[in-house]
Amino acid sequence: MPPPVRMPRAAALPGPALLLGAAVVALLAALAFGGGAAALLLGDPGAVVRFGLPAAKLLVNLTASATIGCLLLAALVLPRGAASGRLLDIGAGAAAAWTVASAATGLLTFLSITGLPLSLDEEFGAQLGFFLTSLGPGRAWLTVTLVAAAVTVLCFAVRAPGVLLGVLALAAWGLTHLAEQGHAAGATSHEQAVTALSLHLLFAAGWLGGLLALVLLRPLLEEPALLAAVRRYSSIALVSFVVVAASGYVSAEIRIGSLDRLATPYGALVAVKVLALLALGAAGALHRRATIKRMADGRAGSFWRLAIAELAAMGIASGVAVALARTASPVREEETLGDTSAAALLTEEALPPPLDLLTLLTETRLELGWLLGAGFLLAAYAVGVLRLRRAGAEWPRRRAVAFTAGVLVLAAATNGAVAAYERQLFSMHAVLVAVLFVAVPLLAAGGRPLELLRRAAPRRSDGSRGIGDWVRVAADSRAGRWVRRPHAAGILAAIVLLAALTPPVLRWSVAETIGRDAVAVALLAAGCLVAAARGRASALAPVIAAVASAGAGAWLLGSDALLLADWYGAMGWGSDAVVDQRAGGAVLLLAAALPLAVLAGARGAGPRAHRAGAQAARISTPPSSRSVIR
């Protein structure tokens, strides 16, 4: 048995101190280099506000990261016990600091925008109240402050693992709510920029906060609990690195546009962030290849030294990131104005070219979240199959092909021509609905992902719950078993489909990024419930869903009333929007026929398969044994 892993208790202190110190130094240097805190010619709020506002934002990012990191480890890495309880106490303290920092940032933002001096009189309070409750930036910071305060209380009050996931989701939403306050809010590709920044903030927070939580928690953990926590965090860090790198590239592409602009102050600061990211990637690779193995042998010193160096690199990246939000982008203002047509004003994007066979094959629209999600699904499925094969078990190739096809169709639909046109043409929105509700679930269900999860990812033995354990808990719960019943799955799917086509939800899904993603996830989940329905009356689920789809399609085909006339009717295609809506109705009718056709084929193949199996059993059974079997 290897000796216990030891790290001096004093080493828990330099980590956070080095993180904060590196972040502050990097922030001040980047502000001086990029001019982010330069005095304004008109309405200058003063040096205290000019430097205090980015400093407060830096504290918001660091404290929010610490909070999310503590919650992440408590929910997905550590078993319930004294260590996780202590971690939640640390998270509560970080959330309290997040609350104070967010409130200070809201106040400094008000002073920066208005140029007013800080005062305690009634008029100043009235103006501040109006800012916090009526204007976008003020409401955003008020919301984040309230979320941080709620997370503070919940970290003290909650210990149940299931509720912790909800608290983690609340904290993550509070952090990503800040994406609207960065450069992304004014970018030409507004939604892509906001999505990229949201993913960047969230996964960077989990990466930084998780490592910080490990360092702070180290004195309370001994081998093997510490080694298990480090290995689990290493997987989280790998996923975070991929997402941070991809989202950072997309954000830089939007805000810089061409390589020659890397020579600008903004481009130079982006280059510093890239170098820090590469250093962190190299450190992560070294962890996975060497230092974790040394840690298992009782030689933990190199791991913790490298971890503290990583915190310093993360601090540099955090400081530069805040300064970037205050630095002028090299993309000129006239480049961000773009199209001023009705379609562009509604969707914040230029109208795509007229739809034909060529554009159907070539037009794309990047949806980074869906693209990364598809990639991670394929990677997780491949890892599961490889684990089974290494264990000597078989996994049918047709299942892997079916699941891969389903995920590829998902990626193509959410990033290809369907995504490029679905906001401007109802017919293409109906195609997206049909793909998410019918095509992808039918293909994915053929891959039996839950069965693969059960076989390839054994339950943890220390009482903690990883993602696989949480999926099993949800599937095996009373609610999980109930929604998989055919009648329940069919009714829920029908409700989701019909609700997605009602004017309020339809407007939310085409006008707002969060609305589109939420409706898409709901449709995909509902379709998967139908495809995975089991039981004696399993045919009931696809029949109910098909009836709902056929009914909606028939109504759209026969109706002269245009859904969202002020949206689809104002796009300026030069064609009748009602005709396009009827085409969408035809798509939904075809979507209703597909699961019924698959069901009929399965019903027809069932008896034949049963007869073939019985015949094979008779052939393979020795004659001397048949009398016994009879």
Side-chain angles (χ1 to χ4, degrees), residues 5 7 11-12 14-16 18-19 22-23 26 61-62 65-66 68-73 75-78 196 199-218 221 225-252 270-297 299-321 368 372-373 375-376 378-380 382-383 386 466-467:
V5 175
M7 182 185 77
L18 195 56
L19 169 68
N61 291 347
L62 293 179
S65 297
I68 289 174
C70 291
L71 288 169
L72 187 65
L73 263 62
L76 299 178
V77 172
L78 297 176
L199 291 171
H200 198 80
L201 286 172
L202 181 58
F203 282 84
W207 190 6
L208 186 158
L211 183 59
L212 182 61
L214 274 180
V215 171
L216 292 174
L217 196 63
R218 166 62 193 93
L221 290 177
L226 180 62
L227 183 59
V230 167
R231 284 174 170 163
R232 292 163 187 169
Y233 167 76
S234 178
S235 299
I236 294 173
L238 177 61
V239 172
S240 299
F241 173 79
V242 173
V243 176
V244 169
S247 58
Y249 172 80
V250 171
S251 297
V270 169
V272 172
K273 280 194 67 180
V274 170
L275 291 175
L277 180 63
L278 292 176
L280 289 169
L286 186 58
H287 278 315
R288 297 180 72 86
R289 286 180 173 272
T291 60
I292 294 179
K293 294 179 181 178
R294 293 175 186 170
M295 192 176 189
D297 294 333
R299 296 176 294 163
S302 58
F303 176 87
W304 294 112
R305 285 191 294 270
L306 186 57
I308 292 175
E310 284 183 275
L311 286 176
M314 289 176 174
I316 293 172
S318 300
V320 172
L368 185 61
L372 288 171
F376 285 130
L378 288 178
V383 168
L386 288 175
I467 294 177

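For the single chain, residues carry numbers from 1 onward in sequence order.
Rounding to the nearest 0.5 Å places OG of Ser240 at 11.0 Å from CG of Leu280. Rounded to the nearest 0.5 Å, atoms CD1 (Ile68) and CG (Leu72) are 9.0 Å apart. Glu310 contributes atom CD, which lies 5.5 Å from atom CG of Leu211 (distance to the nearest 0.5 angstrom). Between the CG atom in Leu372 and the CZ atom in Phe203 there is a gap of 8.0 Å [rounded to 0.5 Å]. Interatomic distance, CD1 of Ile292 versus CG of Leu306, reported as 10.0 Å (0.5 Å rounding). In this structure, CD1 on Ile316 lies 10.0 Å from CG on Leu275, to the nearest 0.5 angstrom.
Between Ala312 and Ala22 the shortest heavy-atom distance is O-CB, 3.5 Å. Nearest approach of Ser251 to Ala196, heavy atoms of both residues: OG-CB, 3.5 Å. In this structure, Ala23 and Leu62 approach most closely via the heavy-atom pair CB-CD1, 4.2 Å. For the pair Ala321 and Lys273, the tightest heavy-atom approach, listed with the atom from each and the gap, is CB-NZ, 3.8 Å. Nearest heavy-atom pair, Val270 versus Ala252, reported as atom, atom and distance to 0.1 Å: CG1-CB, 4.1 Å. Summarising the geometry of Ala66 relative to Leu212, their closest heavy-atom pair is CB-CD2, 3.9 Å, with the distance given to 0.1 Å.
Applying the ring pair (Phe, Tyr, Trp, His ring centres under 6.0 Å) criterion to His200, with sequence neighbours excluded, gives no partner residue.
The aromatic rings of Phe241 and Trp207 sit perpendicular, their planes meeting at an angle over 60°, well past the 30° parallel limit.
Residue pairs that meet the salt bridge (Lys or Arg N to Asp or Glu O under 4.0 Å) test with at least one member in residues 231-251, sequence neighbours left out, are Arg232-Asp462.
Atom CD1 of Ile467 has 12 or fewer heavy atoms from other residues, nucleotides or ligands within 6.0 Å.
Using a 4.5 Å heavy-atom cutoff, the side chains of Leu18 and Leu311 are not in contact. Side-chain contact between Val274 and Tyr249: absent, with no pair of heavy atoms (C-beta onward) separated by less than 4.5 Å. Within the 4.5 Å cutoff, side-chain heavy atoms of Met295 are placed close to those of Leu226. A 4.5 Å side-chain heavy-atom check between Val77 and Ile236 finds at least one atom pair inside the cut-off. The side-chain heavy atoms of Leu217 and Leu78, taken from C-beta on, include a pair separated by under 4.5 Å. Taking 4.5 Å as the limit, some side-chain heavy atom of Leu208 sits within range of a side-chain heavy atom of Leu19.
A side-chain donor-acceptor contact under 3.5 Å links Ser65 to the backbone of Asn61.
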